[in-house]
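These notes concern the structure reproduced below.
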Amino acid sequence: MRIIALYKVFSGEEWLKPSVLSILPFVEKVVLLTSNVSWIGGRGNPSLPVVRELVREYPDKIEHINYDEPNQMVHCMYGFEHIKRNYHCDYIQIIDSDELWDSENYLKAISFLEQNPGLSAYRAQMYTYLKSPFYRVDPPEPLKPVCFINAKLPDMGNQPRGCALNPFVIMPDVWCHHFVFVRSSFNKVLEKLIQSHVSESQPYESMDKWVPECWNKLPDRNLDLFPGGIHPAIGYASHWKAIKEVTLSDLPEILSRHEFRHILKFGGTLW
């Protein structure tokens, strides 16, 4: 079975290399799709140095393509169509820079794909991390992202990441790791938050309250102001109900490499 991974890469450069290396043994090719224009009009792609490093180190397995496009759907479709035109594969993996896989779960995903062929999209369970790699949302949030798309499809539907594709299945015991709000500085977290919510037209909590009373207090929070949960998107607080602290053995094994030990210090954790 042949899998080709598609990344749309703008921010999240801290996580890009460990993310790619976490899946590289299992895929035929990784395509890194960049744009010099963000989805909210920002200029200059901070991930380009890491992209070039990866291509230099793994020229036979990693391809970099660029398409300057502020529309998320158009940008994603460009990468999907590029793979369709230039490669033969069974599935296209859709993955973001701050998503990592551990070997056990990737092998489970491969087994599930082999045993359940022919569907349009395959969704996974997801562990979500905030502030520190050791702060995991608990219970797991309800979002089940599309991770694999049938390469026989003519396109990826009318929503980014193939979210509208049918028929789909949720792989019951397959988990990926999403370090969504774990960055080298809070400014980068805030940039990620604003870019995501503005591009999706999703209102979010006042940062004057959310930052000091939620973010700064993690893994706790001000329960009087935020009784339902931690998520900053209005109406979705309970999707991030609480935080539990995990250990290195709970994280993808790629993060045990010496070159990534600095990542374990994000959020002030001492390792």
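Numbering of residues begins at 1 and proceeds along the displayed sequence.
Remark: Leu153 pairs with Ser120, Ile149, Asn150, Leu165 by the side-chain contact (heavy atoms from CB on, under 4.5 Å) rule, at least two apart or across chains. Listed by chain and number, the residues in a side-chain hydrogen bond (donor to acceptor under 3.5 Å, both in side chains) with Arg123 amount to none (sequence neighbours excluded). Not counting sequence neighbours, Glu114 has no partner by the side-chain hydrogen bond (donor to acceptor under 3.5 Å, both in side chains) test. Taking Phe260 as the reference, nothing meets the ring pair (Phe, Tyr, Trp, His ring centres under 6.0 Å) condition, with sequence neighbours excluded. Checked against side-chain hydrogen bond (donor to acceptor under 3.5 Å, both in side chains), Arg136 has the following partners two or more places apart in sequence or in another chain: Tyr129.
Looking at heavy atoms from C-beta onward, Leu33 lies out of side-chain contact with Tyr7 at the 4.5 angstrom threshold. Under the 4.5 Å side-chain criterion, counting only non-hydrogen atoms from C-beta, Met1 is in contact with Leu113. Trp101 places a side-chain heavy atom less than 4.5 Å from the side chain of Ile95. Glu253 has its side chain out of reach of Glu104: every pair of non-hydrogen atoms, C-beta onward, lies at least 4.5 Å apart. The shortest side-chain heavy-atom distance between Cys147 and Ile94 does not fall under the 4.5 Å cut-off. Trp15 places a side-chain heavy atom less than 4.5 Å from the side chain of Leu255. Counting heavy atoms from C-beta on, the side chains of Arg161 and Cys76 never come closer than 4.5 Å. Two residues are said to be in side-chain contact when any heavy atoms from C-beta on lie closer than 4.5 Å; Leu248 and Ser256 meet this criterion.
Classification of Lys192 and Asp98 as a salt-bridged pair holds, one side-chain N sitting under 4.0 Å from a carboxylate O. Between Lys17 and Glu57 a salt bridge is recorded (basic side-chain N to carboxylate O distance below 4.0 Å).
Rounding to the nearest 0.5 Å places CD1 of Ile254 at 11.0 Å from CD1 of Ile23. Between Ser35 atom OG and Gln72 atom CD the span is 11.5 Å, to the nearest 0.5 Å. Note that CD of Gln93 is 4.0 Å distant from CZ of Phe148, once rounded to the nearest 0.5 Å. From Glu191, atom CD reaches atom OG of Ser11 across 6.5 Å, with rounding to the nearest 0.5 Å. Annotation: the span from Ser47 atom OG to Leu32 atom CG amounts to 9.5 Å, rounded to 0.5 Å. Rounded to the nearest 0.5 Å, atoms CG (Leu16) and CZ (Phe10) are 13.5 Å apart.
Of the listed residues (Asp96, Val51, Val20), just one forms a side-chain contact (heavy atoms from CB on, under 4.5 Å) with Val9, and that residue is Val51. Exactly one residue among Phe266, Phe186, Tyr135, Trp240 makes a ring pair (Phe, Tyr, Trp, His ring centres under 6.0 Å) with Phe181. That residue is Trp240. Partner of Thr128 under the side chain to side chain donor-acceptor pair (under 3.5 Å) criterion, chosen from His178, His231, Glu141: Glu141. Applying side-chain contact (heavy atoms from CB on, under 4.5 Å) to Met126 and the options Pro142, Cys176, Pro140 leaves one that passes, Cys176.
Formation of a donor-acceptor pair under 3.5 Å by the Tyr122 side chain with backbone atoms of Leu119 is found in this model. The backbone N or O of Val27 sits less than 3.5 Å from a side-chain atom of Lys61, completing a donor-acceptor pair. In this structure a side-chain-to-backbone donor-acceptor pair under 3.5 Å is missing from Ser22 to Asp102. Of the possible donor and acceptor atoms, none in the side chain of Asp138 sits under 3.5 Å from a partner among the backbone N and O of Ile243. In this structure, Lys84 contributes its side chain and Ala151 its backbone to a donor-acceptor pair below 3.5 Å. Not a single donor-acceptor pair under 3.5 Å links the side chain of Glu69 to the backbone N or O of Val74. Judged by distance alone, with hydrogens and angles left aside, the side-chain atoms of Asn116 form a donor-acceptor pair with the main-chain N or O of Phe112 at under 3.5 Å. A donor-acceptor pair is defined here as one N or O able to donate and one able to accept, closer than 3.5 Å; such a pair exists between the side chain of Lys29 and the backbone of Asp60. With hydrogens and angles disregarded, no donor-acceptor distance shorter than 3.5 Å links the side chain of Arg183 to the backbone of Glu13. A donor-acceptor pair under 3.5 Å is formed between the side chain of Arg2 and the backbone N or O of His88.
By the rule that hydrophobic residues join a cluster once side-chain heavy atoms approach within less than 4.5 Å of another member, Leu48 and Val50 end up as members of separate clusters. In the hydrophobic clustering of ILVMFWY residues, with side-chain heavy atoms under 4.5 Å counting as a link, Tyr236 and Tyr127 come out apart. Linking Ile, Leu, Val, Met, Phe, Trp and Tyr residues whenever their side-chain heavy atoms come within less than 4.5 Å places Met156 and Tyr87 in a single cluster.
Between the side chains of Glu99 and Ser19, no donor-acceptor pair of N or O atoms lies under 3.5 Å. For Asn71 and His75, the side-chain atoms include no donor-acceptor pair closer than 3.5 Å. There is no side-chain donor-acceptor pair under 3.5 Å between Thr34 and Asn45. When only modelled atom types and interatomic distance are considered, Tyr58 and Glu63 share no side-chain donor-acceptor pair under 3.5 Å.
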Run the side chain to side chain contact (heavy atoms under 4.5 Å, CB included) test on Lys108 and Asp173 for me, step by step, so that the C-alpha distance in whole Å, both residues' side-chain angles and the decisive distance to 0.1 Å come before the verdict.
CA-CA 8 Å; Lys108 285 181 183 179; Asp173 192 30; 2.9 Å; yes
Leu130 and Val137: side chain to side chain contact (heavy atoms under 4.5 Å, CB included), yes or no, with the steps?
CA-CA 7 Å; Leu130 311 179; Val137 170; 4.0 Å; yes
Could you check Leu264 against Leu251 for side chain to side chain contact (heavy atoms under 4.5 Å, CB included), going step by step and ending with a plain yes or no?
CA-CA 10 Å; Leu264 301 179; Leu251 303 180; 4.1 Å; yes
Could you please spell out the steps behind the side chain to side chain contact (heavy atoms under 4.5 Å, CB included) verdict for Gln125 and Ile170?
CA-CA 7 Å; Gln125 317 287 332; Ile170 298 172; 3.3 Å; yes
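Classification of the His177-Phe179 ring pair by plane angle, with boundaries at 30° and 60°, yields parallel. Relative ring orientation between Tyr67 and Tyr78 is described as parallel, the plane-to-plane angle staying below 30° on a 0-90° scale split at 30° and 60°.
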Expected list for residues 205-219: side-chain donor-acceptor pairs under 3.5 angstrom, two or more places apart:
unit_1	atom_1	unit_2	atom_2	d
Ser206	OG	Asp208	N	3.3
Trp210	NE1	Ile230	O	2.8
Glu213	OE1	Asn222	ND2	2.9

